[in-house]
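First the structure, in the form of structure tokens, and then the observations on it.
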Amino acid sequence: MPPTKQRSSKIRKSSKTALRQKMASITAKRLSSNPSNVPSPASDQTPEPAQPATPADLPATQAETAASWNHDGTAGYMEICGAVTMWGRSLQHKMRYTQFVGDGDAKTIAAVNGRKFYGDVVVTKEECVNHVSKRLNAGLRKLVSSMSKQNVRLGGNKKGSLTAPKIGLLQSFYTTAVRTYNASTEVMSNAIWAAFYHSISTPDHPQHERCPAGEESWCFYQRALVKKPKDASEFNHEQSTFLNAEVAPHVYKVYERLTDSELLSRCLLGKTQNANESLHSVIWSKCPKHLFSGLARVQIGATIAVGEFNMGSQGSHLFFPAVGCPLTAVTTSLGQKRDKTRIRKADTAHEAPAKRRRELRKLAQQKAQQSATRAEGGPSYVPGGF
Ligand SMILES: [Zn+2]
């Protein structure tokens, strides 16, 4: 007999309670083994003011505390330390990470190469394609903002102005060019510039030479050329990304910066951090980023998340019995149902109508954001602008 909603909810709650109790027990064990966290027999004496200490200063009896304290420095330095630890650990597993996919911070790769883990073999840095294309969006937004401070209005309702939805579309073209035209930096650069020149084209001065030719082209001009029109009036210049003559020179500078051959050469492999971000979102669902989590919680959360990310509910079903939380047949059945639902939703999300809905939703959000920004008298935050 299938469990009722109330019963399954109770079972889920009892599993969560058991896990919380287990985590509390682990934490309690850690605390009890740490003399600095339990009341001292001489607690009636006035305690000395706390002095800053380093893990090296701690006595051997406080090894547990030292084990929990695994970073000493700023949050930014944490990423560098983490990367150095991972690269150092790779040799223990008899493998080499020779490529590094990052999002622009050169300090981490410099620190890894500085340690010469693989002798003369240098770890190369690849750009995350998603992050590179976000730079176009951030750069164009910053441009609108900085020019408005100089009383040059690039945004607004004028035809060909640089609006938020248009920036979104230009970003989308840039992303497609970087992902699709990755045979060489020249091909990639040409595809990126094609979108720019397509956008600034007018009936009097069409600039579609770089746009792909043929009936299937995304460029209306090139599609029309196939039909051999008699004169230019048959071309309807109504680009959704049209940029007027006042805006174009400013946008050109941003494109020039983002078609740098060195930058594009790091995008040729078309790598993204999507898989990592996907795993991170599962970990954060166990240990929210905005709340403090102790080492035990992070370790347990990461362990369950990695299991679920790779094996679905089976991952957590292997974990719970291992820490003394037995599973019931109902828990297993609910997990399998959850997996099926997740796979069905993922399949639907990859279909064209769903993708189109997401694009429309994103454009609507950008329009709403632009209206709100205008109502507030200007942008208060620009991604990548600080
Ligand atoms: Zn064109």
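All ligand and atom numbering here is 1-based and tracks the order in the structure.
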- request: Show the numbers, then the answer: is there a ring-ring contact (aromatic ring centres under 6.0 Å, His included) between His198 and Phe220?
  value: CA-CA 10 Å; His198 173 89; Phe220 66 90; 5.5 Å; yes
message: More than 12 heavy atoms of other residues, nucleotides or ligands under 6.0 Å from NE2 of His350: yes or no?
response: no
query: Can you tell me if CZ on Arg115 sees more than 12 non-hydrogen neighbours from other groups inside 6.0 Å?
result: no
- prompt: Under 2.8 Å from the Zn ion (ligand 1), which protein atoms of type N, O or S occur, listed by chain and number?
  reply: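 Listed by chain and number: His198 ND1, His208 ND1, Cys211 SG, Cys219 SG.
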query: Should Glu216 and Arg223 count as an ion pair when the cut-off is N to O under 4.0 Å?
result: no
- prompt: Aromatic rings Trp87 and Phe100: how do their planes relate, parallel, tilted or perpendicular, breaks at 30° and 60°?
  reply: tilted
- prompt: Is the Tyr174 to Trp193 ring centre distance short of 6.0 Å?
  reply: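 Ring centroids of Tyr174 and Trp193 are no less than 6.0 Å from each other.
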